[in-house]
**Student:** 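Before anything else, here's the structure in question.
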Amino acid sequence: MAMYLGVDAGGTSCKARLTDETGKVLGTGAAGPGNTRIGLDALYATLIEVCRQATEAAGLGEADLPEVRVGMGIAGINRMGMKAKIQALAFPFRSLALSSDAMIANLGAHAGGDGAILILGTGSVGLIKRGEDSTSIGGYGFPISDEGSGAALGLSAIRHALRALDGRTRPTPLSQALTQRFDHAIPSVIAWMDGATPADYAGFAPLVLAHAETGDEIALSIVRDAALHVERFIETIFARGANRCVLMGGLAEPMTPWLRARIVDRLVSPLGDALDGALLLAGRPLPG
């Protein structure tokens, strides 16, 4: 029996799904961040861990792994030289196909066909696929890019909280809720910042969205600004010739109500998820 393992390694989490050639799920795995920014050794350990979880859940042992075909989509793999470094690592599988997390999300969203996606998660990136060609929009990494993302929402909230603490702006319920996590002490915020990852910043996104819902003026301004960036992403995707676009990622649903109706009307529902795309990358055939 042919077995296929798909891995989606992103800024917040890493997930794996093992199936047979019919698409029947045999096992799954999950771990923390799996992007290239955590370092090659940590990334390798995370990838091996989620793969092992999925194969062990299916009752497979070490002797079975050379029969498994694997597809991985990894955030940050397009950084210079990174794909070659990952390919050089020792994976025990029959085959290993590597691409970006955006590409497997696109493959899953359109069942391998042409189309575009905009991922809103820890980061943000647009990807248009036409045949064998693809075009990325944004996604250059936090903090210089990732507009409209969870990390961007969190960064804006932290900046507001610091300005409120030192009196440059009026405190709001959002700033007070955020600084309470640091005992309202600027040195604590700075100490946190020194080691904070994009996922750490994105952890404040739900707080921003919740306060925007209750009318906090700063939270509203942050979310509305993010929505404008998302809309511009989508408009650019269609201007570049995409025939369909799917909004994906953990922030896709909570951000949709903040977008104008004419923008939302242009979006379509995904045919599958990123792990479906990773399985296609691994070589699993499309369902009959």
Side-chain angles (χ1 to χ4, degrees), residues 8-15 30-38 46 73-76 100-102 104-106 109 117-127 136-162 172-175 177-179 181-182 189 192-193 195-214 216 218-234 237 245-259 263-264 267 270 273-275:
D8 177 19
T12 301
S13 64
C14 185
K15 302 174 184 177
N35 59 342
T36 59
R37 294 181 66 154
I38 66 175
T46 298
I74 302 172
S100 68
D101 58 333
I104 62 166
N106 195 303
I117 59 166
L118 174 59
I119 301 176
L120 296 178
T122 299
S124 62
V125 62
L127 183 70
S136 294
I137 301 173
Y140 309 122
F142 181 81
I144 65 170
S145 185
D146 289 342
E147 300 90 343
S149 70
L153 290 175
L155 176 60
S156 293
I158 287 286
R159 286 173 170 166
H160 164 56
L162 286 172
T172 71
L174 171 63
S175 74
L178 199 154
T179 59
R181 303 188 182 191
F182 300 96
V189 180
W192 171 86
M193 176 192 69
T197 65
D200 292 329
Y201 282 95
F204 294 116
L207 188 67
V208 178
L209 289 161
H211 280 82
E213 290 287 348
T214 61
D216 182 289
I218 299 298
L220 281 170
S221 70
I222 292 172
V223 174
R224 286 169 176 163
D225 180 68
L228 290 175
H229 283 293
V230 174
E231 291 181 347
R232 186 57 183 152
F233 259 120
I234 296 168
I237 283 169
C245 181
V246 174
L247 195 60
M248 305 184 78
L251 276 185
E253 183 176 346
M255 282 300 299
T256 297
W258 299 94
L259 307 178
I263 297 291
V264 176
L267 301 173
D273 62 16
L275 284 172

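All values below come from the heavy atoms of this structure, side chains included, with hydrogens, waters and symmetry mates left out. Because the structure is predicted, anything quoted here is derived from the model rather than measured.
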**Student:** Report the residues that fulfil salt bridge (Lys or Arg N to Asp or Glu O under 4.0 Å) with Arg181, sequence neighbours left out, ordered by chain and then residue number.
**Tutor:** none
**Student:** What residues, two or more places apart in sequence or in another chain, satisfy side chain to side chain donor-acceptor pair (under 3.5 Å) together with Thr36?
**Tutor:** none
**Student:** Would you check if Leu209 and Leu251 make a side-chain contact, meaning some heavy-atom pair closer than 4.5 Å?
**Tutor:** yes
**Student:** Between Phe182 and Trp192, how do the two ring planes meet: parallel, tilted or perpendicular, split at 30° and 60°?
**Tutor:** perpendicular
**Student:** Start with the C-alpha gap between Leu220 and Trp258, add the side-chain angles, then the distance that decides, and say whether side-chain contact (heavy atoms from CB on, under 4.5 Å) holds.
**Tutor:** CA-CA 10 Å; Leu220 281 170; Trp258 299 94; 3.6 Å; yes
**Student:** Is Ser156 reaching over with its side chain to a backbone N or O of Leu153, donor-acceptor style, under 3.5 angstrom?
**Tutor:** no
**Student:** Taking salt bridge (Lys or Arg N to Asp or Glu O under 4.0 Å) as the definition, give me every residue that meets it alongside Asp200, ordered by chain and number, with sequence neighbours left out.
**Tutor:** none
**Student:** Apply side chain to side chain donor-acceptor pair (under 3.5 Å) to Thr12 and list each qualifying residue two or more places apart in sequence or on a separate chain.
**Tutor:** Thr122
**Student:** State which residues pass side chain to side chain donor-acceptor pair (under 3.5 Å) with His160; sequence neighbours excluded, sorted by chain then number.
**Tutor:** Thr172
**Student:** Leu259 and Leu247: side-chain contact (heavy atoms from CB on, under 4.5 Å), yes or no, with the steps?
**Tutor:** CA-CA 12 Å; Leu259 307 178; Leu247 195 60; 4.2 Å; yes
**Student:** Do the side chains of His211 and Val223 get nearer than 4.5 Å, heavy atoms only?
**Tutor:** no
**Student:** Carefully, step by step, assess Glu147 and Asp225 under the rule side-chain contact (heavy atoms from CB on, under 4.5 Å).
**Tutor:** CA-CA 9 Å; Glu147 300 90 343; Asp225 180 68; over 6 Å; no
**Student:** Verify, without hydrogens or angle tests, whether Thr256 (side chain) and Ala252 (backbone) share a donor-acceptor contact under 3.5 angstrom.
**Tutor:** yes
**Student:** Among all residues two or more places apart in sequence or in another chain, which pass the salt bridge (Lys or Arg N to Asp or Glu O under 4.0 Å) test with Glu231?
**Tutor:** Arg260
**Student:** Return yes if some donor-acceptor pair links the side-chain N/O of Asp216 with the main-chain N/O of Ala219 below 3.5 Å, else return no.
**Tutor:** yes
**Student:** Do Ile158 and Met193 pass the side-chain contact (heavy atoms from CB on, under 4.5 Å) test, and can you show the C-alpha distance, the side-chain angles, and the key distance before you say yes or no?
**Tutor:** CA-CA 9 Å; Ile158 287 286; Met193 176 192 69; over 6 Å; no
